[in-house]
Amino acid sequence: MFKKTSFLFLLALVFMLQPSATHPVAKATAQKSTSIDLRLLETTDLHADLINYDYYLSRENNRIGLVQTASLIRQARNEVKNSLLFDGGDHLKGNPLGEYLARIKGINKGKIHPVYRAFNHLKYDAIAIGNHEFNYGLKFLNTALKGAEMPAINANVISIKTNTPYFKPYVILKRKLEDQDGKKHDLNIGVISFMPTQIMKWDKSNLEGRVFPRPIVETAKEYVPIMKAEGADVVIALAHTGITDEPYHPDTEDAVYYLTKIPGIDAILSGHSHSVFPGPSYQKIANTDMKTGRINGKPIVMAGAFGSHLGIIDLNIKKVAGKWKVVNGISQVRPIADEKGKPLVQTDTQLYKLLMPEHKEMVKTINKLGH
Ligand SMILES: [Zn+2]
């Protein structure tokens, strides 16, 4: 015989069990959207420091050198499914090797500048042109750039002759990215680049009558919607400019803070100041979260100089109402050496070998001059 109470109890139990057994699964499926993790890697202001060697003191220096940073690049790439590698500019000039290659040896037709040979080997996805790239004149730069297999971009240096950007202003990289479930998706990654307008002061004799600069922020505001209209799902700025929250001026050398306020820019790889972000030097910048490396909610990184650090931004991209949207971004820097100069990484021997000819030649030349 069925008692009324036990029947009700059973009924209640069935109702209680049913939702808890099936509902959460259905809910999870409905809520789950496609999610992609994309890691951005940055070197910046290398100033021709390819080898961990100080040519002034004629000795090894493990605080500098792309051959050291390259090990961090490999490691950071191995940790994730999707990554892109960029350089923030000022890579050709700044040490005796850069001087020797530009002023004594020269870059002859068909020869590849060792900086670009290194970039090609490490498979950089795009590079910024920094203000120091002008120091040896436009002819040298254009010849050297022929050896770069990746797009070299800048949007705010304008040719006087054509009144259009002297370089390719931006690029939209088509990449197949793997989502968290292992499915591949075609994404358009827009990359744009800027440099300080002070180039006309710093490189007057090389640039006067040939190019003129436009303010960084104004240029960005004009191009980001164009890139979006061209299908960019993500927009990354290779901003060869520093970070300050001082009141805005069109000719500011440090425009990053105001770039963060432009809708559509998802991440900023900065440079020029030879500093480190996130890091203590920027503690007082308004709306800055040092833990996540964000300013005004946008992820920013600045990877020191001379190869001292690798900059990393990890983006999470989700499909929202049929469109890809960056929903999260966190930045960090990884150093190649500790405070005492003790290396934290091993030298990338493959890259080291590739750069040996010019390095040996340079050391030999210095030794000859010294005796
Ligand atoms: Zn610079």
Side-chain angles (χ1 to χ4, degrees), residues 41-78 85 87-105 107 111-124 127 130 132-133 135-136 144 147 271-276 279 281 302-312 332-371:
L41 303 173
E42 183 205 36
T43 58
T44 192
D45 296 83
L46 286 170
H47 290 284
D49 276 325
L50 300 172
I51 307 287
N52 52 335
Y53 190 85
D54 185 329
Y55 295 105
Y56 300 101
L57 300 172
S58 294
R59 66 175 185 219
E60 194 178 271
N61 178 1
N62 288 306
R63 293 175 194 271
I64 62 169
L66 185 61
V67 290
Q68 305 296 95
T69 338
S71 293
L72 290 179
I73 293 171
R74 191 185 311 114
Q75 185 195 323
R77 275 174 167 163
N78 285 342
L85 174 61
D87 181 71
D90 278 7
H91 43 249
L92 289 180
K93 186 202 156 131
N95 72 356
L97 180 70
E99 288 296 300
Y100 173 72
L101 290 164
R103 300 198 198 273
I104 299 167
K105 194 180 161 76
I107 293 295
K111 281 268 177 199
I112 297 181
H113 192 292
V115 166
Y116 295 133
R117 195 188 311 140
F119 285 179
N120 293 345
H121 174 75
L122 294 171
K123 298 195 171 9
Y124 277 71
I127 57 172
H132 277 291
E133 263 69 77
N135 291 166
Y136 302 126
H272 183 63
S273 312
H274 295 193
S275 195
V276 173
S281 331
M302 195 195 292
F306 321 118
S308 67
H309 295 75
L310 178 68
I312 301 176
Q332 57 167 304
V333 282
R334 293 182 183 171
I336 60 168
D338 68 11
E339 279 158 22
K340 288 178 183 153
K342 197 176 146 256
L344 298 169
V345 290
Q346 292 204 323
T347 306
D348 183 320
T349 46
Q350 240 188 324
L351 182 62
Y352 193 86
K353 260 189 217 155
L354 202 71
L355 300 167
M356 252 318 91
E358 284 87 355
H359 174 60
K360 269 191 178 161
E361 210 176 310
M362 185 72 244
V363 172
K364 220 167 109 186
T365 309
I366 289 171
N367 286 343
K368 254 195 236 158
L369 289 170
H371 294 293

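- When all heavy atoms are compared, the tightest approach of Asn62 to Gly341 is CB-O, 3.7 Å.
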Apply side-chain contact (heavy atoms from CB on, under 4.5 Å) to Tyr352 and Asn52, showing your working. CA-CA 9 Å; Tyr352 193 86; Asn52 52 335; 3.8 Å; yes
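- Between atom CD of residue Gln75 and atom CD of residue Gln346 there is a gap of 11.0 Å, rounded to the nearest 0.5 Å.
- Within the 3.5 Å criterion, the main-chain N or O of His47 finds no donor-acceptor partner in the side chain of Asp90.
- Atom CG in Leu50 sits 5.5 Å away from atom CG in Leu355 (nearest 0.5 Å).
- With rounding to the nearest 0.5 angstrom, the CD1 atom of Ile366 is 10.0 Å from the OH atom of Tyr100.
- Taken to the nearest 0.5 Å, the NE2 atom of His113 stands 5.0 Å off from the CG atom of Leu92.
- In terms of modelled atom types and a separation under 3.5 Å, the side chain of Thr69 and the main chain of Gly65 share a donor-acceptor contact.
- Residues Ala70 and Asp348 come closest through the heavy atom pair CB-OD2, 3.5 Å.
- Between the CD1 atom of Ile51 and the CD atom of Glu358 there is a distance of 9.0 Å, given to the nearest 0.5 Å.
- Glu361 pairs by the salt bridge (Lys or Arg N to Asp or Glu O under 4.0 Å) definition with Lys105, not counting sequence neighbours.
- In this structure the side chain of Phe119 reaches within 4.5 angstrom of the side chain of His91, judged on heavy atoms.
- Contact record, Ala303 with Ser308: O-OG, 3.9 Å, taken as the closest heavy-atom pair.
- Side chain of Glu60 to backbone of Tyr53: no donor-acceptor contact under 3.5 angstrom is found.
- No side-chain heavy atom of Asp49 sits less than 4.5 Å from a side-chain heavy atom of Asn61.
- Applying the side-chain contact (heavy atoms from CB on, under 4.5 Å) criterion to Glu99, with sequence neighbours excluded, gives Lys93, Arg103, Tyr136.
- Smallest separation of non-hydrogen atoms from Asn120 and Gly147: ND2-O, 2.9 Å.
- Looking only at side-chain heavy atoms (C-beta outward), Phe306 and Asn95 stay at 4.5 Å or farther from each other.
- Listed by chain and residue number, Gln68, Ser71, Leu72, Ile336 satisfy the side-chain contact (heavy atoms from CB on, under 4.5 Å) test with Val345 (two or more places apart in sequence, or in another chain).
- Counting heavy atoms from C-beta on, the side chains of Leu41 and Ile312 come closer than 4.5 Å.
- Close placement of the His359 and Tyr55 rings is indicated, their centers lying within 6.0 Å of each other.
- Between the side chain of Arg63 and the main chain of Glu339, a donor-acceptor pair closer than 3.5 Å is present.
- Leu85 places none of its side-chain heavy atoms less than 4.5 Å from the side chain of Lys123.
- Of all heavy-atom pairs spanning Leu46 and Thr43, the tightest one is CD1-OG1, 4.1 Å.
- Note that NE2 of His274 and OG1 of Thr44 are 7.5 Å apart. Values are rounded to the nearest 0.5 Å.
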